[in-house]
Amino acid sequence: MKKRLIIYGFSLLAFVLFGTGCKKYLDINQDPNAAAEPPIAGLLANTTYLTAENVFQISDWTSYYVQYLASPNVSGTSDTYQQSDPSGTWGDLYNVLTDLHDMRRFAAQKGLIAYIGVADILTACNLSMGINLWGNMPYSEAFQGVDNLSPKFDDQKVLYDSCLMLLDKGIAALQQPGADGELDKASDFIHAGSTTAWIKTAYSLEARLLNQVSGTPQYDPAKVLAALAKGDSSNDDDAQVTQFSVRNPWAQVAINNRNLLLDGWLSAYFVDATNGKTYGVFDPRLARITDTTMFLDYRGTPNGAGYQGTSNTVHAQCYLDEGKWYSSTNSPLQIITNAECRFIEAEAAFRAGDKPRAYDAYIAGITASMNKIGVGKDSMDAYLKNSAVAVGAGGLTLQLIMKEKYVACFLSPVTWVDMRRFNYAYMDFALPQHASLGSSFIRRMDYPQTEISRNGKNVPDIKRTDHLWWDQ
């Protein structure tokens, strides 16, 4: 695992950029680079902010696997499942997990129960994202510094169960008397110190994890619905970050693309799923994501095929454009949302045999998604009344639920979990051109070269076509 010396001065200095509310963390009577213990509010700021950044880092890989995005180059590495080195993403996850380990330890020493609760919740969030990429990971022997530079890899199923346990512990801590009002509001970039909001997020993350095992014997839709009953119930509950040192990283992708550092091109599959070609109805969310092309229509880039036409410097395909909802300076980086929760509810209710509830949740998920990104009422009503969408409880299918969740969770890593759960059986979804794994879809990511070089004796021998334990 990537090890680092924990030098908090650099991390804390970054928070000055967010405003005067964070400057107080530097008001200590010693060199912050030599501080034995960082201000705990600084750890809260670091971990809440960088958890959202980790969602971006992971999605920058997985969005190609689920064909939200496509490379403008023929046989792009991510497009076509080629061998990759995700060392940066692995390191970013473990940097946050290390800070969370320290935040929990310092909070326990000081009796700060709310900080313990948030540390447990964010650990479950980051760790679950990691095991959904790689499977087995170091955890029980990690975070020991020089005392153990070769930690063992824990079993992915054991880590999944640990994530559920951490969420339960986090909820219990935040429900204790005295927890409310303890968190520093200015340092909490996700929920501004609200323990109530954190508890809802924990239950929502629990519902996500419980629903993830739909292909295993332990799946219980009743448990999923019970968690959702205590989780997010409106868009105001969404766990997200909207303050950045410079800008939302997807906005930077759009700027880079304008400057011919090509990235953020929309996949032909995603565009066709929303422009009316695949499902027979134009989705007004598409216009909130990208602009029309030079041909005054919406068209994407086929994964693996590269840009279409004679030049990749003209707007002949759709991109993440500057100023759009996902790629504006202060667009939110979303961790888990009310819209996602409604589609989890729709799926769990459908599997439980309650199709009327499933249909209501399906409509509520579309509505929450469209309200979130600013679709006008007339456009939203027209979409919801279209016969391709308004199928009624009797006409609802899992495929339709997952299609709408696919659009609502645009750029979320959770979609790669969904794609694998459903064996990539989305309407018209196909392997990318020049796929490197023959007739197989990608099932997991390569372990990073940093881990192989430093802890190679413990790194599992895997193939990108190996299924994770829940991917059945």
Side-chain angles (χ1 to χ4, degrees), residues 120-121 124-125 127-129 131-132 156-172 174-175 197-235 237-239 334-369 393 396-409 412-423 425-426 468-472:
D120 285 339
I121 293 166
C125 179
L127 184 59
S128 64
M129 288 193 293
I131 61 177
N132 286 336
Q156 56 187 296
K157 172 63 167 61
V158 172
L159 292 176
Y160 168 87
D161 292 337
S162 296
C163 289
L164 290 174
M165 183 175 63
L166 283 164
L167 290 172
D168 287 341
K169 288 173 59 180
I171 291 167
L174 292 173
Q175 289 175 334
W198 274 110
I199 290 170
K200 287 185 175 182
T201 288
Y203 277 116
S204 298
L205 291 169
E206 182 176 296
R208 175 195 276 177
L209 286 173
L210 292 170
N211 198 56
Q212 178 177 314
V213 299
S214 59
T216 73
Q218 75 181 70
Y219 178 69
D220 186 346
K223 289 184 178 180
V224 178
L225 295 171
L228 287 171
K230 299 177 182 180
D232 291 355
S233 58
S234 79
N235 289 356
D237 297 327
D238 291 354
Q334 302 174 97
I335 298 167
I336 193 165
T337 65
N338 172 47
E340 180 188 338
C341 288
R342 301 289 65 79
F343 288 112
I344 295 172
E345 179 185 3
E347 180 184 345
F350 187 94
R351 291 184 183 277
D354 189 347
K355 293 189 75 173
R357 178 175 180 177
Y359 186 72
D360 288 345
Y362 157 81
I363 294 296
I366 300 171
T367 303
S369 172
L396 187 64
T397 63
L398 274 177
Q399 187 178 67
L400 193 53
I401 291 170
M402 300 314 296
K403 172 258 180 177
E404 288 294 344
K405 187 181 180 185
Y406 175 77
V407 180
C409 292
S412 171
V414 76
T415 302
W416 193 32
V417 175
D418 290 341
M419 281 276 184
R420 287 174 287 175
R421 288 195 300 124
F422 282 81
N423 202 28
Y426 286 50
L468 298 179
W469 77 271
W470 49 263
D471 180 14
Q472 302 177 28

Indicate yes or no for a side-chain donor-acceptor contact from Asn338 to the backbone of Asp238 under 3.5 Å, with no hydrogens or angles considered.
no
Donor-acceptor pair, side chain of Asn235 and main chain of Ala368, under 3.5 angstrom
yes
Indicate the atoms forming the closest heavy-atom contact of [X] with [Y], along with that distance.
X	Y	answer
Leu174	Ile121	CD1-CD1, 3.6 Å
Ile336	Asp232	O-OD2, 3.9 Å
Thr415	Cys409	OG1-O, 3.6 Å
Lys223	Leu210	O-CD1, 3.7 Å
Ser369	Ala339	N-CB, 3.9 Å
Ala358	Phe350	CB-N, 3.6 Å

So does Lys355 have more than 12 non-hydrogen atoms from other groups sitting under 6.0 Å from NZ?
yes
If you count the non-hydrogen atoms of other residues, nucleotides and ligands that lie under 6.0 Å from NZ in Lys230, is the total more than 12?
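Atom NZ in Lys230 is not crowded, with 12 or fewer foreign heavy atoms closer than 6.0 Å.
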Mind checking the [atom1]-[atom2] spacing from [X] to [Y]? Nearest 0.5 Å is all I need.
X	Y	atom1	atom2	result
Glu347	Phe422	CD	CZ	4.5 Å
Cys163	Leu127	SG	CG	4.0 Å
Ser162	Gln156	OG	CD	12.5 Å
Tyr203	Glu206	OH	CD	7.0 Å
Leu164	Lys169	CG	NZ	13.0 Å
Ile335	Glu340	CD1	CD	11.5 Å

Hey, mind stepping through Arg351 and Leu398 against side chain to side chain contact (heavy atoms under 4.5 Å, CB included) and telling me if it holds?
CA-CA 9 Å; Arg351 291 184 183 277; Leu398 274 177; 4.0 Å; yes
In terms of side-chain geometry, is the basic nitrogen of [X] or [Y] positioned less than 4.0 Å from the acidic oxygen of its partner?
X	Y	value
Asp237	Lys200	yes
Asp418	Arg421	yes
Arg357	Glu345	yes

For a 4.5 angstrom cut-off between non-hydrogen side-chain atoms, does [X] reach [Y]?
X	Y	value
Val414	Gln212	no
Ile171	Trp198	no
Leu209	Leu167	yes
Met419	Tyr406	yes

Please lay out, stage by stage, how Tyr160 and Trp469 fare under the test ring pair (Phe, Tyr, Trp, His ring centres under 6.0 Å).
CA-CA 10 Å; Tyr160 168 87; Trp469 77 271; 5.1 Å; yes
Could you check whether the rings of Tyr362 and Tyr359 sit parallel, tilted or perpendicular, using 30° and 60° as the cut-offs?
tilted
For side chain to side chain contact (heavy atoms under 4.5 Å, CB included), just list the numbers for Asn132 and Arg420, CA-CA rounded to whole Å, side-chain angles, deciding distance to a tenth of an Å, and then say yes or no.
CA-CA 10 Å; Asn132 286 336; Arg420 287 174 287 175; 4.2 Å; yes
